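Quick caveat: nothing in here was measured; it's all calculated off a predicted structure. Atoms within each ligand, like the ligands themselves, are counted from 1 in listed order.
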Amino acid sequence: MERGTPIIKEMQVIPVAGRDSMLMTLSGAHAPFFTRNLVVLRDSAGHTGIGEIHGGDYTCQSLKACIPLVEGKPVGAYRKVLQTIHRAAKGAAEDDGEGIQTLDISKLKFVVKAEWAIECAMLDLLGQYLDLPMCELLGEGRQRDQVETLGYLFYVSDKKKADLPYLDECYSDDPWFRLRRQEMLTPERLVEQASVLHDKYGFRNFKLKGGVLEGEKEMETVRALKKQFPHGRINIDPNGAWSLKEAVSLCKPMEGILTYIEDPCGPEAGFSSREIMAEFKNEVNLPVATNMIATNWRQFYHSAALKAVDIVLADPHFWGFEGSVRMAQVLNDWGLTWGSHSNNHFDITLTAFAHVAAAAPGRPTALDTHWIWQDGQNLLKDTPQIRDGYLQVPDKPGMGVTIDMDKVEEANKLYNQLPSHDRNDAEAMQYLIPGWKYDSKKPALVR
Ligand code: GKR
Ligand code: MG
């Protein structure tokens with residue numbers, strides 16, 4: 001009889017691309033395509049383990065460099081494998097440690113750690129070996145069977161203004177699929193967006209991506225959303241676009257309307273974003289969330305010491321799967337709240353997030369996901385569903401889902417056709433405002 005856990009026979013790194021709408025954020029307008037990297041592991045028991053992480057050549061190369069450290073290793077040694085990867089990792093020369101406190105998206109690749117896609121795929125294999133769902137292997141194990149999720153609302157620009165190949169779904173039978181590719185820039189259209197999402201997925205929580213219009217105009221949208229969903233939990237995230245003074249004057253009147261506020265301000269006047277957010281909290285009686293000022297344990301130490309945040313959106317692709325659940329445990333013990341940030345992603349990330357959130361103790365805030373903008377571009381044969389506002393956590397062993405390699409191949413072909421693999425929100429933006437340049441303190445359409 002063979003002893004020990006199965007051996008990893010093969011690690012594939014597969015870059016993939018998908019389609020997106022002209023979504024507006026502080027960093028500009030989303031391009032018609034987004035990219036991701038997949039990890040597919042095959043073990044000696046005949047199982048397949050999968051993981052997905054941010055796209056781009058930097059992350060793809062980092063993953064490929066890990067192949068010799070993963071192949072030939074027993075599935076049960078996943079902690080040792082990750083430790084070996086960490087010890088071998090050399091920080092990139094261009095990484096100045098700034099992170100994403102000013103939402104410079106060229107720095108996101110340093111905040112994301114490629115090896116968490118390997119952690120995910122190894123936990124998937126380990127779960128299959130142990131005959132347990134992945135969430136049972138994390139932290140204190142499964143805390144819930146479904147995970148409350150939010151409807152992630154975006155202002156959307158008119159794609160016809162850009163000479164770029166955005167998708168049009170005007171012939172779809174699905175009202176949401178038809179709507180998500182259209183221009184939506186007014187409070188009325190954002191309420192329509194939220195209502196159609198509510199009908200399709202049952203969301204009662206909404207997050208508006210701000211940093212696009214003047215702050216006052218964005219607050220009008222928030223007010224309109226609250227009017228439509230009086231019992232809904234509404235949050236706005238301008239990604240630190242407002243000065244401390246603006247943030248206080250915009251948010252103070254919103255106490256009782258906003259449920260919480262995400263990254264209202266950032267570094268200014270020689271003070272770090274952690275110090276500025278602490279000052280914001282002294283003045284405004286709203287819980288504050290972040291995915292910008294606490295993206296690792298050292299940043300979290302200062303954020304916590306300054307009491308700068310209440311809700312840490314600990315994305316497993318920044319913190320690791322175990323790390324994100326460890327954060328959930330700490331926050332819960334300290335009376336603070338866990339959640340997760342997201343970027344455009346496929347359904348492999350959706351599944352992974354479902355497991356991590358299922359293992360987060362306490363009362364996490366509703367989970368972020370961009371999936372609604374990608375729904376239909378499935379890379380899985382059995383994508384977990386969002387029903388009545390809750391993402392269903394798979395019950396089968398490991399991730400509990402099956403990868404569709406034909407779909408992966410198509411997404412890889414699309415990736416290979418793209419002239420560039422890195423996110424660049426300025427390119428599409430320049431069709432809307434010629435010569436547009438990123439400014440961390442100016443909403444994208446305010447120039
Ligand atoms: O998809 O453009 C986007 C978002 O703005 C993303 O880049 C952010 O990182 O969703 C994120 C957030 O909550 O800050
Ligand atoms: Mg955010």
Short list, please: which atoms of ligand 1 are under 4.0 Å from a heavy atom of [X]?
X      : value
His30  : 1 (O), 2 (O), 3 (C)
Asp237 : 12 (C), 13 (O), 14 (O)
Thr25  : 2 (O), 3 (C), 5 (O)
Ser342 : 10 (O), 11 (C)
Tyr152 : 4 (C), 10 (O), 11 (C), 12 (C), 13 (O)
Asn239 : 5 (O), 12 (C), 14 (O)

More than 12 heavy atoms of other groups within 6.0 Å of Arg447 CZ: yes

Exceeds 12 heavy-atom contacts within 6.0 angstrom, atom CG of Asp96: yes

Protein-derived N, O or S atoms lying under 2.8 Å from the Mg ion (ligand 2), waters excluded: 3

Stepwise side-chain contact (heavy atoms from CB on, under 4.5 Å) test for Thr383 and Trp371: CA-CA 11 Å; Thr383 304; Trp371 172 245; 3.9 Å; yes

Ligand 1 N/O within reach of Ser27 N/O, cut-off under 3.5 Å: no

N or O pair under 3.5 Å between Asp425 and ligand 1: no

Shortest protein heavy-atom distance from atom 6 (C) of ligand 1, along with the residue and atom involved: Asn343 ND2, 3.3 Å

Identity and separation of the nearest protein heavy atom to atom 13 (O) of ligand 1: Lys207 NZ, 2.7 Å

Chi angles and distances behind the side-chain contact (heavy atoms from CB on, under 4.5 Å) call for Leu153, Leu197: CA-CA 9 Å; Leu153 311 176; Leu197 284 171; 3.6 Å; yes

Check whether the ring centres of [X] and [Y] lie less than 6.0 Å apart, and answer yes or no.
X      : Y      : value
His370 : Phe34  : no
Phe203 : Trp176 : no
His317 : Phe353 : yes

Would you tabulate the side-chain donor-acceptor contacts of residues 250-257 under 3.5 Å, counting partners in other chains and residues two or more places apart, or write 'none'?
unit_1	atom_1	unit_2	atom_2	d
Lys252	NZ	Glu255	OE2	2.8
Lys252	NZ	Glu283	O	3.2
Glu255	OE2	Asn285	N	2.8

Nearest-option assignment for atom 1 (O) of ligand 1, heavy atoms, candidates Lys209, His341, Arg423, His370: His370

His345 heavy atom under 4.0 Å from ligand 1: no

Whether Met292 lies under 4.0 Å from ligand 1, heavy atom: no

From Asn416, Thr35, Asp57, Thr59, residue fulfilling side chain to side chain donor-acceptor pair (under 3.5 Å) relative to His421: Asp57

Phe300 and Trp319 aromatic ring geometry - parallel, tilted or perpendicular at 30°/60° bounds: perpendicular

Phe177 six-ring centre to Arg181 NZ/CZ under 6.0 Å and within 45° of normal: no

Test side-chain contact (heavy atoms from CB on, under 4.5 Å) applied to Phe33 and Gln417, step by step: CA-CA 11 Å; Phe33 304 99; Gln417 286 161 14; over 6 Å; no

